[in-house]
**Q** 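First, the structure itself, so that you have it in front of you.
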Amino acid sequence: MEQKTIRCAVYTRKSTEEGLDKEFNTLEAQREAGENYIKSQKQQGWILLPQHYDDGGYSGGTLKRPALQSLLSDVQNGNVDMIVVYKIDRLTRSLLDFSQLIKTLDAHNCSFVSVTQNFNTCDSMGKPPL
């Protein structure tokens with residue numbers, strides 16, 4: 001039986017643009033953590049997608065962020081199986097938006113995992129009740 005490939009996208013966000021001009025900034029640190037997490041799951045069939053989804057200078061209080069909208073479009077087009085974030089609040093700070101995101105991901109057979117928090121929606125143990 002062939003193992004299923006899980007196409008993983010790393011999403012990063014920082015609320016302010018402060019420090020984004022540094023040689024190694026927080027978005028890059030978040031991405032590196034996500035890439036390393038994906039590598040650690042290689043035996044599960046996880047692969048890193050090359051597209052960068054980075055929202056520097058955008059609040060987590062809204063879903064109106066260019067990289068997030070691009071990511072959600074790729075999810076809806078069936079190009080992403082797993083979203084990897086450093087912390088859940090990088091994805092959103094709103095419980096209502098979080099609920100909407102989970103519904104959208106579920107509808108397109110996509111999950112998400114937080115690298116630093118024990119939260120993973122790819123199995124029933126990590127899936128919040130809606």
Side-chain angles (χ1 to χ4, degrees):
M1 186 168 133
E2 194 172 316
Q3 184 171 352
K4 183 179 190 281
T5 298
I6 309 294
R7 298 163 298 166
C8 302
V10 176
Y11 176 75
T12 66
R13 183 187 63 77
K14 183 177 186 303
S15 296
T16 66
E17 292 184 16
E18 182 182 331
L20 292 180
D21 57 344
K22 291 182 182 175
E23 189 172 321
F24 187 75
N25 64 49
T26 185
L27 294 179
E28 291 164 335
Q30 289 175 47
R31 180 159 183 86
E32 186 176 276
E35 289 175 356
N36 288 334
Y37 189 85
I38 292 166
K39 286 177 191 170
S40 77
Q41 301 300 310
K42 184 178 180 178
Q43 74 281 4
Q44 302 296 324
W46 291 29
I47 60 164
L48 173 66
L49 294 173
Q51 175 71 35
H52 284 229
Y53 301 96
D54 305 318
D55 278 323
Y58 288 90
S59 167
T62 176
L63 296 179
K64 293 179 180 158
R65 293 173 258 147
L68 180 61
Q69 291 303 312
S70 176
L71 175 57
L72 291 175
S73 177
D74 286 347
V75 166
Q76 291 166 342
N77 290 328
N79 299 322
V80 177
D81 304 309
M82 178 70 68
I83 298 171
V84 179
V85 294
Y86 183 72
K87 292 185 343 184
I88 295 168
D89 72 358
R90 299 300 87 192
L91 203 53
T92 183
R93 289 189 176 273
S94 161
L95 287 175
L96 183 60
D97 288 347
F98 180 78
S99 177
Q100 285 180 274
L101 284 170
I102 294 298
K103 286 179 182 178
T104 299
L105 298 181
D106 280 350
H108 298 283
N109 298 314
C110 183
S111 299
F112 92 92
V113 62
S114 168
V115 172
T116 61
Q117 295 163 306
N118 190 14
F119 196 95
N120 181 337
T121 66
C122 68
D123 62 34
S124 61
M125 290 297 291
K127 198 169 295 268
L130 294 179

**Q** What's the spacing between S111 OG and M82 CE if we round to 0.5 Å?
**A** 4.5 Å

**Q** Which heavy atom of S59 sits nearest a heavy atom of R13, and at what distance?
**A** C-NH1, 3.7 Å

**Q** List the residues meeting side-chain hydrogen bond (donor to acceptor under 3.5 Å, both in side chains) with N79, not counting sequence neighbours, and say none if there are none.
**A** none

**Q** Mind listing the closest non-hydrogen atom pair of I88 and Q117 along with its distance?
**A** N-OE1, 2.8 Å

**Q** Locate the shortest heavy-atom distance separating G61 from R93; write the atom from each residue and the value.
**A** N-CB, 4.4 Å

**Q** To the nearest 0.5 Å, tell me how far E32 CD sits from Q30 CD.
**A** 11.5 Å

**Q** Judged by atom type as modelled, is there a donor-acceptor pair below 3.5 Å linking the side chain of S99 to the main-chain atoms of L95?
**A** no

**Q** Not counting sequence neighbours, list each pair that qualifies as a salt bridge (charged side-chain N to carboxylate O under 4.0 Å, His left out) and has a residue in residues 34-52.
**A** R31-E35

**Q** Determine the minimum heavy-atom distance between G56 and L27, stating which atoms define it.
**A** CA-CD1, 3.7 Å

**Q** Applying a strict under-4.5 Å side-chain criterion to I, L, V, M, F, W and Y, I'd like to know whether I47 and I6 cluster together.
**A** no

**Q** Distance from L105 atom CG to Q76 atom CD, nearest 0.5 Å?
**A** 9.5 Å

**Q** Any heavy-atom pair between the side chains of P66 and D55 that's under 4.5 Å?
**A** yes

**Q** Heavy atoms, side chains only, cut-off 4.5 Å: are V75 and F112 in contact?
**A** no

**Q** Any chain of hydrophobic side-chain contacts (each under 4.5 Å) joining Y86 to L91?
**A** no

**Q** Any salt bridge (charged side-chain N to carboxylate O under 4.0 Å, His left out) pairs touching residues 69-81, not counting sequence neighbours?
**A** R7-D81

**Q** Should R90 and T12 be marked as a side-chain contact (heavy atoms from CB on, under 4.5 Å) after you check the CA-CA gap, both sets of side-chain angles, and the distance that decides it?
**A** CA-CA 6 Å; R90 299 300 87 192; T12 66; over 6 Å; no

**Q** Which atoms form the tightest heavy-atom contact between T26 and K14, and what is the distance?
**A** CG2-CD, 2.8 Å

**Q** Calculate, to the nearest 0.5 Å, the distance between atoms CG and CD1 belonging to L49 and I83 respectively.
**A** 10.5 Å

**Q** Out of Y58, Y53, Y11, which one pairs with R65 under the side chain to side chain donor-acceptor pair (under 3.5 Å) rule?
**A** Y11

**Q** For residues L71 and A9, report the shortest heavy-atom separation together with the two atoms involved.
**A** CD1-CB, 3.7 Å

**Q** Between Q69 and L63 (side chain of the first, backbone of the second, donor and acceptor by atom type, cut-off under 3.5 Å), is there such a pair?
**A** yes

**Q** To the nearest 0.5 angstrom, please state how far the OG1 atom of T92 sits from the CD1 atom of I102.
**A** 10.5 Å

